[in-house]
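Only one structure is covered here, and it is reproduced in the block below.
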Amino acid sequence: PISQTQVELYQAVVQNNKLTKLMTSFGDNQASILKYITYLKKICNHPRILSNDDMLEIIGSENVKSRFEIAWQSKIEMEETSGKFRCLAEIIKQVAIVKQQKIVVVSTSTSALDCINEFCLRHQICMVRIDGSTEVSERQNLVDNFNSGGE
């Protein structure tokens, strides 16, 4: 199940006055509507993926925004603010810690990879990250080291 934070943020997006106006007006609003769909996607993955600008757009005020920031800045486990991440965290723990096997997690979101990286560091799980900032010349070396058991 999704977390209470996710429910509240999701409702904030769906009830946003700007979105309501977009949905009821005529014209070429596809790009603007897609922005709100992207917010919903981010919330479903993990609320931490939302940028400060996203939060301001969704919630609309600094005071309300600060309430949600507490969840990110406190020592609350990342699994508590995302149902999807809670499931992923359990899989990672079972495979990497309990079974001591390797696991590959693929994401198109570098922000999601940041969350996974933070989780692995907190739980002392060795990981290798390859994303768009990884030099092409380094990628194969990283994959080879991962496959051979090196770090």
Side-chain angles (χ1 to χ4, degrees), residues 1-134 139 142-143 146-147 151:
I2 65 174
S3 71
Q4 187 59 35
T5 301
Q6 287 175 295
V7 169
E8 291 173 16
L9 285 168
Y10 201 92
Q11 287 173 339
V13 171
V14 173
Q15 296 168 357
N16 187 293
N17 289 333
K18 291 178 185 175
L19 177 61
T20 303
K21 287 178 186 174
L22 286 170
M23 298 293 284
T24 57
S25 67
F26 296 101
D28 189 23
N29 298 324
Q30 289 180 348
S32 296
I33 292 172
L34 285 175
K35 176 174 69 171
Y36 286 91
I37 292 170
T38 300
Y39 293 154
L40 296 173
K41 235 172 62 173
K42 288 179 179 182
I43 292 166
C44 288
N45 283 325
H46 200 292
R48 276 191 173 181
I49 295 173
L50 295 167
S51 70
N52 287 336
D53 289 341
D54 292 344
M55 291 291 285
L56 274 175
E57 178 77 23
I58 293 167
I59 298 169
S61 92
E62 286 287 342
N63 296 336
V64 181
K65 179 180 163 241
S66 65
R67 182 172 141 242
F68 291 105
E69 285 180 336
I70 293 168
W72 306 192
Q73 295 170 355
S74 71
K75 296 296 180 188
I76 293 174
E77 292 288 323
M78 292 179 67
E79 303 94 295
E80 291 180 30
T81 54
S82 169
K84 193 175 197 179
F85 196 86
R86 187 179 314 120
C87 292
L88 176 62
E90 190 57 37
I91 292 168
I92 291 173
K93 286 178 186 176
Q94 285 296 312
V95 174
I97 297 173
V98 176
K99 295 183 179 181
Q100 297 184 340
Q101 294 180 349
K102 296 176 186 179
I103 185 169
V104 175
V105 179
V106 178
S107 176
T108 59
S109 165
T110 56
S111 298
L113 292 174
D114 292 341
C115 291
I116 295 164
N117 187 66
E118 183 179 327
F119 171 82
C120 289
L121 288 173
R122 187 177 317 116
H123 292 279
Q124 299 178 335
I125 298 170
C126 292
M127 64 161 290
V128 175
R129 177 174 173 163
I130 299 174
D131 61 27
S133 68
T134 307
R139 293 178 186 194
L142 289 170
V143 170
F146 176 82
N147 287 334
E151 296 176 23

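Note that these values count all heavy atoms, side chains included, but never hydrogens, waters or copies made by symmetry.
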Do NZ/NE/NH1/NH2 and the carboxylate oxygens of Glu90 and Arg86 come within less than 4.0 Å?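 A salt bridge is absent here (no side-chain N lies under 4.0 Å from a carboxylate O).
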Check whether any side-chain heavy atom of [X] lies under 4.5 Å from a side-chain heavy atom of [Y], and answer yes or no.
| X | Y | value |
| --- | --- | --- |
| Ser109 | Asn45 | no |
| Arg129 | Thr110 | yes |
| Ser82 | Gln6 | yes |
| Asn117 | Leu113 | no |

Just verifying a value: how many Å separate [X] [atom1] and [Y] [atom2], rounded to the nearest 0.5 Å?
| X | Y | atom1 | atom2 | value |
| --- | --- | --- | --- | --- |
| Asn16 | Tyr36 | CG | OH | 4.0 Å |
| Ser3 | Tyr10 | OG | OH | 13.5 Å |
| Met127 | Ile103 | CE | CD1 | 11.5 Å |

Spell out, as yes or no, whether a donor-acceptor pair under 3.5 Å connects the side chain of Arg48 to the backbone of Ala112. no
Val95 and side-chain contact (heavy atoms from CB on, under 4.5 Å): which partner among Ile97, Ile92, Ile91? Ile91
Checking Asp54 now: which residues fulfil side-chain contact (heavy atoms from CB on, under 4.5 Å) with it, not counting sequence neighbours? Tyr39, Lys42, Leu50, Ser51
Tell me, which pairs form a ring pair (Phe, Tyr, Trp, His ring centres under 6.0 Å) where one or both residues lie in residues 81-109, sequence neighbours left out?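 Counting only pairs at least two positions apart or across chains, the ring pair (Phe, Tyr, Trp, His ring centres under 6.0 Å) contacts touching residues 81-109 are His46-Phe85, Phe85-Phe119.
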